[in-house]
Engineer: 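There's a structure below that I have some questions on.
All values derive from a computational prediction rather than experimental measurement. All values below were derived from every heavy atom in this structure, side-chain atoms included, with hydrogens, water molecules and symmetry-related copies excluded.
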Amino acid sequence: MPDGDGVRTPTATPSSDPGAWIPGFVKEMSLEQKVGQLFVPTFADRAAAEQLIKRYHVGGLIYFPGNARDPEQTARLSNALQRASRIPLLLSVDEEQGLVTRLSYVTRLPGNMALGATAKPELARKAAEVTGAELRAVGINQNYAPVADVNVDPANPVIGVRSFGSDPALVSRMLGGAIQGYKDAGVAATAKHFPGHGDTGTDSHTGLPVIDHSRAEWERVDAPPFRAAVQNGVDAIMTAHIVVPGLDDSGDPATMSRTVLTGLLRDQLGYRGVVVTDSLSMAGARQKYGAPQAAVRAVRAGADQLLMPPNLAQAHAAVLAAVRQGTISRQRLDESVTRILRMKAQRGLFGDVQVDPERAGRTIRSDAHRKVARQVAERSITLVRNKGGLLPLRGKRVHVTGPHAETLAAALRERGVQVAASPGAADVVVVTTLNAGAATAAQIGRAGGRPVVVAALGLPYDLAYADAARAALATYSSGKASLNALARVLTGQVKPTGRLPVKVRGHKVGHGLTY
């Protein structure tokens with residue numbers, strides 16, 4: 001029977017054709033319900049979210065730390081929100097791992113560049129499956145990951161270690177593994193940021209970047225991972241608030257460019273899934289047209305989901321008015337709603353979406369999941385230089401200085417290393433850096449003339465300024481798993497096997513030494 005708004009809500013989908021019912025379902029929806037399905041806003045708490053569901057019929061909601069405090073609470077909240085909505089919700093989060101994380105309680109894994117250093121798509125699959133399983137356990141069914149950008153600019157202020165690397169082929173392989181991992185966990189994966197955010201000196205959160213790649217450069221550098229995402233059946237692709245004159249000379253951000261979203265992504269790459277905008281609260285989205293019209297233009301360009309409008313009421317009203325006036329055709333709206341519902345069906349959301357809060361607590365940070373984190377971390381550590389066989393640090397007194405020095409020193413002590421209080425009392429000084437850039441050289445200079453081992457805990461580009469160090473390594477992460485793995489490598493308990501996934505001055509992609 002139809003529900004109170006005149007829409008039948010299916011409880012199951014036919015196994016022969018799980019999407020056969022969708023066109024009829026869309027036909028029964030009101031205009032307000034259809035427009036609501038496009039929006040994925042933020043929310044303060046359960047009461048606020050339930051108001052958004054009731055008033056705007058939103059198709060999804062995005063979690064942030066303020067409303068996802070622990071596994072049991074998040075699971076209960078997800079259950080409540082799903083009960084409040086007649087059409088199942090896409091409950092999403094930005095849980096890339098590494099640099100971008102939103103849930104404090106999930107198993108902490110090194111990010112994409114560490115995975116890229118392993119060059120093993122199977123590890124990317126396992127890492128994504130761990131994250132996906134933990135998200136699904138708390139009722140989250142869409143993750144805005146993995147990043148598909150090819151980081152070719154060492155000074156990129158917004159991507160960096162969020163990327164698998166600077167080689168399009170490597171990024172494509174790792175991306176395919178990650179997408180499969182999320183699928184295995186039952187979570188919708190989102191490849192981002194189309195058409196490619198890896199070569200910019202501007203952060204689209206605070207400005208509108210212009211990327212000067214020609215069409216040929218785009219085809220060679222940026223497009224391959226997104227082609228791979230399409231071929232691997234990714235659930236969603238997120239747009240970038242960037243201007244690429246080589247693809248569209250109108251000056252419009254890609255999020256609002258029909259040439260980019262429909263012409264390139266839909267028509268050329270053959271993508272049939274959901275297109276979601278990056279946050280419409282970002283400066284790059286609002287700079288040219290303002291927030292309400294940015295939402296309208298994004299839909300006209302080919303976007304389906306409108307993420308985090310700064311004012312939902314205004315954006316919803318603007319899209320609703322655009323449909324009523326014919327600026328957005330009814331057919332165009334129905335196409336987006338159909339794609340969104342199909343993704344929900346494919347992820348099993350029209351079945352039982354309630355989760356067990358107690359089971360969520362047991363799933364999060366299980367021994368098996370932490371074992372994967374350790375495996376990724378150990379296989380990512382990259383030995384770039386080892387003059388005179390300085391490493392491993394056997395029988396040497398070591399002083400550790402730099403970011404996270406105390407944590408690394410403690411890990412070395414646990415492995416029997418004598419840690420000295422000052423450089424003068426040490427045989428070797430381990431200098432850690434965290435995106436220090438040119439300042440890396442000065443850090444080495446303060447080692448008091450002792451042999452130096454430099455460990456880049458973030459961007460590996462720091463090692464371009466570490467010529468004075470006798471040994472140099474990259475971990476791509478300052479998380480606990482990576483620091484422990486670094487200690488095991490420094491002491492020789494684990495042999496380094498990582499390979500640079502990006503070019504670092506003097507070293508090509510794929511460079512890496514071992515003992």
Engineer: With a sphere of 6.0 Å drawn around CZ of R365, does it hold more than 12 non-hydrogen atoms of other residues, nucleotides or ligands?
Structural biologist: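 No, CZ of R365 has 12 or fewer neighbouring heavy atoms, counting only those of other groups under 6.0 Å.
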
Engineer: Walk me through it: do T74 and Y105 pass the test side-chain hydrogen bond (donor to acceptor under 3.5 Å, both in side chains)?
Structural biologist: CA-CA 11 Å; T74 308; Y105 49 78; 2.8 Å; yes

Engineer: Nearest 0.5 angstrom please: I140 CD1 to L135 CG, how far?
Structural biologist: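 The CG atom of L135 is 5.0 Å from CD1 of I140, to the nearest 0.5 Å.
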
Engineer: For S336 and R332, which I'm curious about, is there any donor-acceptor pair between the side chains at under 3.5 Å?
Structural biologist: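 Present: a donor and an acceptor within the cut-off.
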
Engineer: Look only at the side chain of H507 and the backbone of G512, and say whether a donor-acceptor pair between them is shorter than 3.5 Å.
Structural biologist: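 Side chain of H507 to backbone of G512: no pair is present.
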
Engineer: Indicate yes or no: at least one non-hydrogen side-chain atom of F39 is less than 4.5 angstrom from one of L52.
Structural biologist: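 Side chain of F39 against side chain of L52, heavy atoms only: no contact under 4.5 Å found.
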
Engineer: Can you give me the closest heavy-atom contact between A240 and A254, atom names plus distance?
Structural biologist: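 In this case the closest contact between A240 and A254 is O-CB, 3.4 Å.
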
Engineer: Give, for atom CG of D167 and atom CG of L500, the distance between the pair rounded to the nearest 0.5 Å.
Structural biologist: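 That separation rounds to 12.5 Å.
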
Engineer: Calculate, to the nearest 0.5 Å, the distance between atoms CE and CG belonging to M238 and L307 respectively.
Structural biologist: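 Reported to 0.5 Å precision, the distance equals 5.5 Å.
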
Engineer: Scan side-chain atoms only and decide if E96 and T101 contain a donor-acceptor pair under the 3.5 Å cut-off.
Structural biologist: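 Their side chains do not contain a donor-acceptor pair, so the 3.5 Å distance test is not met.
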
Engineer: Should the ring pair W218 and F194 be called parallel, tilted or perpendicular, given that the plane angle runs from 0 to 90° and is split at 30 and 60?
Structural biologist: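 The arrangement is perpendicular - the two ring planes meet at more than 60°.
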
Engineer: With no hydrogens and no angle check, is any side-chain donor or acceptor of E217 less than 3.5 Å from a backbone partner on S214?
Structural biologist: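 Side chain of E217 to backbone of S214, a donor-acceptor pair under 3.5 Å: yes, one is there.
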
Engineer: Rounded to the nearest 0.5 Å, what separation is found between the CD atom of Q142 and the NZ atom of K344?
Structural biologist: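 Q142 atom CD to K344 atom NZ measures 9.5 Å (nearest 0.5 Å).
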
Engineer: Would V230 and I237 count as a side chain to side chain contact (heavy atoms under 4.5 Å, CB included) if you check the C-alpha gap in whole Å, the side-chain angles of each, and the deciding distance to 0.1 Å?
Structural biologist: CA-CA 9 Å; V230 173; I237 291 179; 4.2 Å; yes

Engineer: Does any non-hydrogen side-chain atom of S92 lie less than 4.5 Å from one of Y63?
Structural biologist: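 No, side chains not in contact.
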
Engineer: Step through the shown structure and confirm whether more than 12 heavy atoms of other residues, nucleotides or ligands are within 6.0 Å of CZ on R370.
Structural biologist: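 Counting neighbours around CZ of R370, more than 12 heavy atoms of other residues, nucleotides or ligands fall under 6.0 Å, so yes.
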
Engineer: Which distance, rounded to the nearest 0.5 Å, do you find between the CG of L459 and the CE of M113?
Structural biologist: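 These two atoms lie 7.0 Å from each other.
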
Engineer: Check D149 with K192, please: is the shortest side-chain N to carboxylate O separation under 4.0 Å?
Structural biologist: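 Looking at D149 together with K192, the answer is no, because their closest N to O distance does not fall below 4.0 Å.
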
Engineer: Does K503 have more than 12 heavy atoms from other residues, nucleotides or ligands lying within 6.0 Å of its NZ?
Structural biologist: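 Result for NZ/K503: open.
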
Engineer: What's the verdict on side chain to side chain contact (heavy atoms under 4.5 Å, CB included) for L457 and L486, showing C-alpha distance, side-chain angles and the deciding distance?
Structural biologist: CA-CA 9 Å; L457 305 183; L486 175 60; 4.0 Å; yes

Engineer: Indicate yes or no: does R220 engage D199 in a salt bridge with an N to O separation below 4.0 Å.
Structural biologist: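 Salt bridge: no.
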
Engineer: Between the side chains of D153 and Y461, is a donor N or O closer than 3.5 angstrom to an acceptor N or O?
Structural biologist: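 Y461 and D153 do not have a side-chain donor-acceptor pair below 3.5 Å.
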
Engineer: So, does S172 use its side chain to make a donor-acceptor pair with the main chain of P168 at under 3.5 Å?
Structural biologist: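 Side chain of S172 to backbone of P168, a donor-acceptor pair under 3.5 Å: yes, one is there.
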
Engineer: Check whether any side-chain heavy atom of I242 lies under 4.5 Å from a side-chain heavy atom of P253, and answer yes or no.
Structural biologist: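 Contact flag for I242/P253 side chains = no.
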
Engineer: State, yes or no, whether a side-chain contact exists between H316 and V35 at a heavy-atom distance under 4.5 Å.
Structural biologist: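 They are in contact (side-chain heavy atoms under 4.5 Å apart), so the answer is yes.
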
Engineer: Hey, is D184 close enough to R125 for a salt bridge, meaning N to O under 4.0 Å?
Structural biologist: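 Here D184 pairs with R125 in a salt bridge, since their nearest N and O are under 4.0 Å apart.
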
Engineer: Can you see which heavy atom on D94 is nearest to which on R102, and at what distance?
Structural biologist: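 For D94 and R102, the tightest heavy-atom pair comes out as O-CG, 2.9 Å.
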
Engineer: Do any N or O atoms from the side chain of Q97 and from the backbone of L109 form a donor-acceptor pair under 3.5 angstrom?
Structural biologist: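 Between the backbone of L109 and the side chain of Q97 there is a qualifying donor-acceptor contact (under 3.5 Å).
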
Engineer: Give a yes or no on whether the backbone of S257 and the side-chain of D252 come within a donor-acceptor separation of less than 3.5 Å.
Structural biologist: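 Not confirmed, D252 side chain does not pair with S257 backbone.
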
Engineer: Is a side-chain donor or acceptor of R499 paired with a backbone partner of T497 at a separation under 3.5 angstrom?
Structural biologist: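 Yes, R499 side chain to T497 backbone: donor-acceptor pair under 3.5 Å.
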
Engineer: Specify the closest pair of heavy atoms between V376 and T118, including all atoms of both residues, with the distance to one decimal.
Structural biologist: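 Residues V376 and T118, closest heavy atoms: O-CG2, 4.0 Å.
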
Engineer: Within the 4.5 Å heavy-atom criterion, are Q37 and L341 side-chain neighbours or not?
Structural biologist: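 Yes; the side chains approach each other to less than 4.5 Å.
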
Engineer: Provide the closest heavy-atom pair for Q305 versus V40 in the form atom of the first, atom of the second, distance.
Structural biologist: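 Closest heavy-atom pair between Q305 and V40: NE2-CG2, 3.6 Å.
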
Engineer: Walk me through it: do H404 and T432 pass the test side-chain hydrogen bond (donor to acceptor under 3.5 Å, both in side chains)?
Structural biologist: CA-CA 8 Å; H404 303 283; T432 61; over 6 Å; no

Engineer: Let's go through R227 and E219 carefully: what are the C-alpha distance in whole Å and the side-chain angles of both, what is the deciding distance for salt bridge (Lys or Arg N to Asp or Glu O under 4.0 Å) to 0.1 Å, and is it a yes or a no?
Structural biologist: CA-CA 10 Å; R227 290 186 190 277; E219 293 279 4; 2.8 Å; yes

Engineer: Side chain of N67, backbone of F43: donor and acceptor closer than 3.5 Å?
Structural biologist: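 Between the backbone of F43 and the side chain of N67 there is a qualifying donor-acceptor contact (under 3.5 Å).
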
Engineer: So, E95 and R108, do they make that salt bridge, N to O below 4.0 Å?
Structural biologist: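 Between R108 and E95 there is a salt bridge, with a charged N closer than 4.0 Å to a carboxylate O.
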
Engineer: Can you check whether A471's main-chain N or O pairs, donor with acceptor, with N386's side chain at less than 3.5 Å?
Structural biologist: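 Such a contact is absent between N386 side chain and A471 backbone.
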
Engineer: Please assess I444 against V454 for the test side chain to side chain contact (heavy atoms under 4.5 Å, CB included), listing each intermediate value before the final yes or no.
Structural biologist: CA-CA 8 Å; I444 297 170; V454 169; 3.6 Å; yes

Engineer: How close do V453 and L391 get, heavy atom to heavy atom, and via which atoms?
Structural biologist: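 So the minimum-distance heavy-atom pair works out to CG2-CD2, 3.8 Å.
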
Engineer: Indicate whether any N or O donor in one side chain lies under 3.5 Å from an N or O acceptor in the other, for Q293 and K288.
Structural biologist: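 No, no side-chain donor-acceptor pair sits under 3.5 Å.
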
Engineer: Donor-acceptor pair, N112 side chain versus R162 backbone, under 3.5 Å?
Structural biologist: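 Confirmed, N112 side chain pairs with R162 backbone.
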
Engineer: Is the terminal nitrogen or CZ of R297 (NZ for Lys, CZ for Arg) located under 6.0 angstrom from the six-membered ring centre of Y289 and within 45° of that ring's axis?
Structural biologist: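 Flagged: R297 positioned over aromatic ring of Y289.
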
Engineer: Would you find more than 12 non-hydrogen atoms of other residues, nucleotides or ligands less than 6.0 Å from R300 atom CZ?
Structural biologist: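 No - once you tally the heavy atoms of other residues, nucleotides and ligands closer than 6.0 Å, there are 12 at most.
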
Engineer: Are L38 and L333 close enough that some pair of their side-chain heavy atoms sits under 4.5 Å apart?
Structural biologist: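 Yes; the side chains approach each other to less than 4.5 Å.
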
Engineer: Within 45 degrees of the ring normal and closer than 6.0 Å to the centroid, is that where the cationic atom of R505 sits relative to Y465?
Structural biologist: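 Relative to the ring axis of Y465, which defines the angle, R505 lies inside both limits.
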
Engineer: Taking side chain as C-beta onward, heavy atoms only, is L490 less than 4.5 Å from L473?
Structural biologist: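 Answer yes - side chains close enough.
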
Engineer: Rounded to the nearest 0.5 Å, what separation is found between the CD1 atom of I381 and the OG1 atom of T514?
Structural biologist: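 Going from the CD1 atom of I381 to the OG1 atom of T514 covers 12.0 Å.
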
Engineer: Taking all non-hydrogen atoms of both residues into account, name the closest pair between N151 and G160 and its distance.
Structural biologist: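 Closest approach of N151 to G160: OD1-N, 3.0 Å.
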
Engineer: Ignoring hydrogens and geometry, is there a side-chain-to-backbone donor-acceptor pair from H511 to V384 under 3.5 Å?
Structural biologist: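 Side chain of H511 to backbone of V384: a pair is present.
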
Engineer: Side chain to side chain contact (heavy atoms under 4.5 Å, CB included) for T131 and Y182? Distances and angles first, verdict last.
Structural biologist: CA-CA 8 Å; T131 301; Y182 285 117; 4.1 Å; yes

Engineer: For residues T382 and Y476, is any side-chain donor paired with an opposing acceptor at under 3.5 Å?
Structural biologist: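 Yes, a side-chain donor-acceptor pair sits under 3.5 Å.
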
Engineer: Considering only NZ, NE, NH1 and NH2 on the basic side and carboxylate oxygens on the acidic side, decide whether R173 and E122 come within less than 4.0 Å.
Structural biologist: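 Salt bridge flag = no for E122 with R173.
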
